[in-house]
Structures are given as structure tokens and as C-alpha cells.
> 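One structure is given below, represented as C-alpha cells, and several questions about it will come after.
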Amino acid sequence: MIYRNKVALVMLYILGVFLILPQNAYAMHIMEGFLPLNWAGFWLSLVVPFWFMGIRSIQRTVKSAPNLKMLLGLAGAFAFVLSALKIPSVTGSCSHPTGVGLGAILFGPSAMSVLGGIVLLFQAILLAHGGLSTLGANTFSMAVVGPFAAYAIYKAAKKLGAPLQLAVFLAAALGDLLTYATTALQLALAFPAQYGGILVSLTKFMGVFAVTQIPLAISEGLLTVIVFNLLTAYNKHELQELSILSQEVR
């Protein structure tokens, strides 16, 4: 009961942040029907193996430590809330935090490929954010590249002796930026410029995203550190069980 109260407190904090931030009704991620079907199918085929690995990772975690289910749900809720905050762009997508860095640090990137995919599926069906045809592309950028990049950056920072909070910040912020670099590449591949091809198109998409995504990435990094500090204060035992506070490689 005490553990559930701790997790509930953190979830209420995240919900409070979500409620006080202004919301606008814009499409987000890569919207439904925006990608040609061949590219939509291509990205979906790349995502499926990560989903299988993620399911197995989650099953191992739940089997070995059933008490971590609530924390796993918190990681998914954090990603859902943050990725539902959006600033419109003019590229057929929009800028928003991703929230996948926290879960990648706690449970590894494979688990977040599944949680992120579920988040994107719910947003496509319930909120009309993103789309079903573009689910593979959105999942690959936000729930595959983002978590794996965040996890690698976190581990590298810790190996180099960075303080824990700095490692968390860099993982969340840079994972966010690399997610949008991937989205820009996806759009550039699908819509190469008439003159200059993919490289020119990529430069344009990256330039448009950078205006809003760089400050958003910094904000996401700071918010992730705040939530991580709350978990450290109220869920220290669980973080030790996940070998986070002991700094052991999991």
C-alpha cells in the first residue's frame, strides 16, 4: 500500500504538470495518411522485431519483480502525458516532448518500444494524434530510436563519471532530439526535394523542427530529472532493485 501511494504521488505530479500547461488541438506525430504506403509499411516492418524483444523484456521484469508493475505503468503514463503536449509545425508533424527517456533508464529501451507503441496507438485511436497507417514510423522514431539513444547516452555518461542527475538530463534531452532527427529523416526519405534530393529535404525538415524542439528537449530533460528525483525520494528501494541507484549495469 505504501509503495502504491508513492507511485500515485508521482503520477499526480505528472498529471498536474499536464493540466497546467496550455493545450491546443493540433495533429501530432506524423499524421494519418501523410506517408506513402510503401514507406509506412517499411517502418512498421522495422518496428515489429523490437516489439517482440520488448514484450519478452517486460515479461522478465514482471516475473522477477511483480512489485515493479506500478513503476512500469508510471513510465508509460509519463510518456503518454509528455508526448500529448504539442507545438504545431508546418511539416505534417509537430514538435512535442517524448517522455521515453525515463522508462528507458528504468527498464531498458526494449520495454519502452512496447510502452511507446501502446502510447502512440492510444493517441491515434482516442485523440486522433498521429495515425494508424503511420504507427510504424512514429513508433520507430519515438519508441525505438528515442529509448535506445537515451539508454546509450545514460550509460555512456555514467561510465564517464557524470553525476546521476546529469546523466538523466542528457539521456532525456538528447534522446528527444534524436527522435526528431529520425522523424526528419523519415519525412526526407518519403519527400525528397526536387532539387538536391534527400539531403536538402532533410536539412529543411531539421531546420523547421529545431526552432521548437531544442527548447522542448531541454525542458524535457529538466522535467525528467525532477520526476527522477521524486522517484529517488519515494521509491528508493525500487530503483535499487532496478540497479539504478547502485549504478550497476543492468
Side-chain angles (χ1 to χ4, degrees), residues 1-19 47-85 97-127 135 138-139 142-144 146-151 154-155 158 164-165 167-168 171-172 175 220 223-250:
M1 181 63 68
I2 296 176
Y3 170 69
R4 291 184 177 181
N5 290 338
K6 292 177 180 178
V7 175
L9 178 63
V10 177
M11 293 185 72
L12 284 173
Y13 175 82
I14 297 171
L15 180 60
V17 172
F18 174 69
L19 291 176
V47 165
V48 171
F50 290 97
W51 281 340
F52 279 107
M53 290 190 299
I55 290 172
R56 294 178 64 182
S57 176
I58 292 173
Q59 288 175 335
R60 288 195 299 268
T61 298
V62 172
K63 184 177 180 180
S64 62
N67 61 305
L68 295 177
K69 290 180 182 178
M70 287 287 289
L71 196 58
L72 189 66
L74 170 66
F78 186 71
F80 184 91
V81 170
L82 260 66
S83 61
L85 307 176
T98 64
V100 297
L102 179 66
I105 292 170
L106 295 178
F107 295 101
S110 295
M112 282 310 298
S113 68
V114 175
L115 295 180
I118 293 173
V119 163
L120 290 164
L121 177 62
F122 281 1
Q123 289 179 349
I125 295 175
L126 302 177
L127 304 177
L135 181 63
N138 289 327
T139 300
M142 193 184 99
V144 174
F148 275 87
Y151 186 78
Y154 171 78
K155 289 298 183 181
K158 291 302 298 175
L164 183 58
Q165 282 75 15
V168 171
E220 177 173 349
L223 179 59
T224 303
V225 170
I226 292 172
V227 174
F228 186 85
N229 286 339
L230 285 172
L231 291 175
T232 301
Y234 293 100
N235 297 85
K236 184 176 181 180
H237 174 73
E238 287 72 27
L239 295 188
Q240 290 175 336
E241 191 171 1
L242 288 167
S243 300
I244 302 297
L245 295 183
S246 63
Q247 302 181 14
E248 297 175 6
V249 179
R250 185 169 184 265

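Count residues from 1 along the sequence. No hydrogens, no waters, no symmetry mates; every other heavy atom, side chains included, goes into these values.
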> Please report the shortest heavy-atom distance between A149 and G175, naming the atom on each side.
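Result for this residue pair: CB-CA, 4.5 Å.
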
> State, to 0.1 Å, how close G99 and F78 come at their nearest heavy-atom pair, and which atoms those are.
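Reported closest heavy-atom pair: O-CD2, 3.3 Å.
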
> Considering non-hydrogen atoms only, spot the tightest contact between S83 and V119 and give its length.
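S83 and V119 have their closest heavy atoms at OG-CG1, 3.6 Å.
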
> What is the distance from atom CG of L126 to atom CG of L121, rounded to the nearest 0.5 Å?
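Rounded to the nearest 0.5 Å, the CG-CG separation comes to 8.0 Å.
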
> For T98, enumerate each residue passing the side-chain hydrogen bond (donor to acceptor under 3.5 Å, both in side chains) test, keeping only those at least two apart in sequence or located in another chain.
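Listed in chain order: E220.
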
> Of all heavy-atom pairs between V100 and G146, which one has the smallest distance, and what is that distance?
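Answer, listing the atom of V100 first, then G146: CG2-C, 4.0 Å.
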
> Nearest 0.5 Å, please: how far is OG in S110 from CG in L115?
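With rounding to 0.5 Å, CG (L115) is 11.0 Å from OG (S110).
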
> I would like to know whether M53 and S113 meet side-chain contact (heavy atoms from CB on, under 4.5 Å); could you show each step before the answer?
CA-CA 9 Å; M53 290 190 299; S113 68; over 6 Å; no

> Among T224, N229, T232, find the residue that satisfies the side chain to side chain donor-acceptor pair (under 3.5 Å) test when tested with Q165.
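The single option meeting the side chain to side chain donor-acceptor pair (under 3.5 Å) with Q165 is N229.
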
> Is there a donor-acceptor contact under 3.5 Å from the side chain of Q123 to the main chain of F80?
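Confirmed, Q123 side chain pairs with F80 backbone.
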
> Once side-chain hydrogen bond (donor to acceptor under 3.5 Å, both in side chains) is applied, do any residues pair with Q59, and if so which ones, sequence neighbours excluded?
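Partners of Q59 by the side-chain hydrogen bond (donor to acceptor under 3.5 Å, both in side chains) criterion come out as none, since no residue qualifies.
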
> Compare all side-chain heavy atoms of L72 with those of T61 and state whether any distance is below 4.5 angstrom.
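No - every pair of side-chain heavy atoms lies 4.5 Å or more apart.
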
> Rounded at 0.5 Å granularity, tell me how far CG in L231 sits from CD1 in I244.
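The CG atom of L231 sits 10.5 Å away from the CD1 atom of I244.
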
> How about F107 and L102: do any of their side-chain heavy atoms sit closer than 4.5 Å?
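A side-chain contact is absent here, since even the closest heavy-atom pair is not under 4.5 Å.
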
> Rounded to the nearest 0.5 Å, how far does CD1 of I58 lie from CE of M112?
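Here the interatomic distance stands at 9.0 Å.
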
> Check whether any side-chain heavy atom of L106 lies under 4.5 Å from a side-chain heavy atom of L239, and answer yes or no.
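Yes - at least one pair of side-chain heavy atoms lies under 4.5 Å apart.
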
> Testing the basics here: between A143 and G117, what is the closest heavy-atom pair and its distance to 0.1 Å?
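Of all heavy-atom pairs spanning A143 and G117, the closest is CB-N, 3.9 Å.
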
> Just do the side-chain contact (heavy atoms from CB on, under 4.5 Å) check on W51 and T139 with the steps written out, would you?
CA-CA 10 Å; W51 281 340; T139 300; 3.6 Å; yes

> Within a strict 4.5 Å, meaning less than it, do heavy atoms of the L242 and L71 side chains meet?
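The answer is yes, as the side chains (C-beta and beyond) meet within the 4.5 Å cut-off.
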
> Taking atom types as modelled and ignoring hydrogens, do the side chains of N67 and E241 form a donor-acceptor contact shorter than 3.5 angstrom?
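The criterion, which ignores hydrogens and geometry beyond distance, is satisfied for E241 and N67.
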
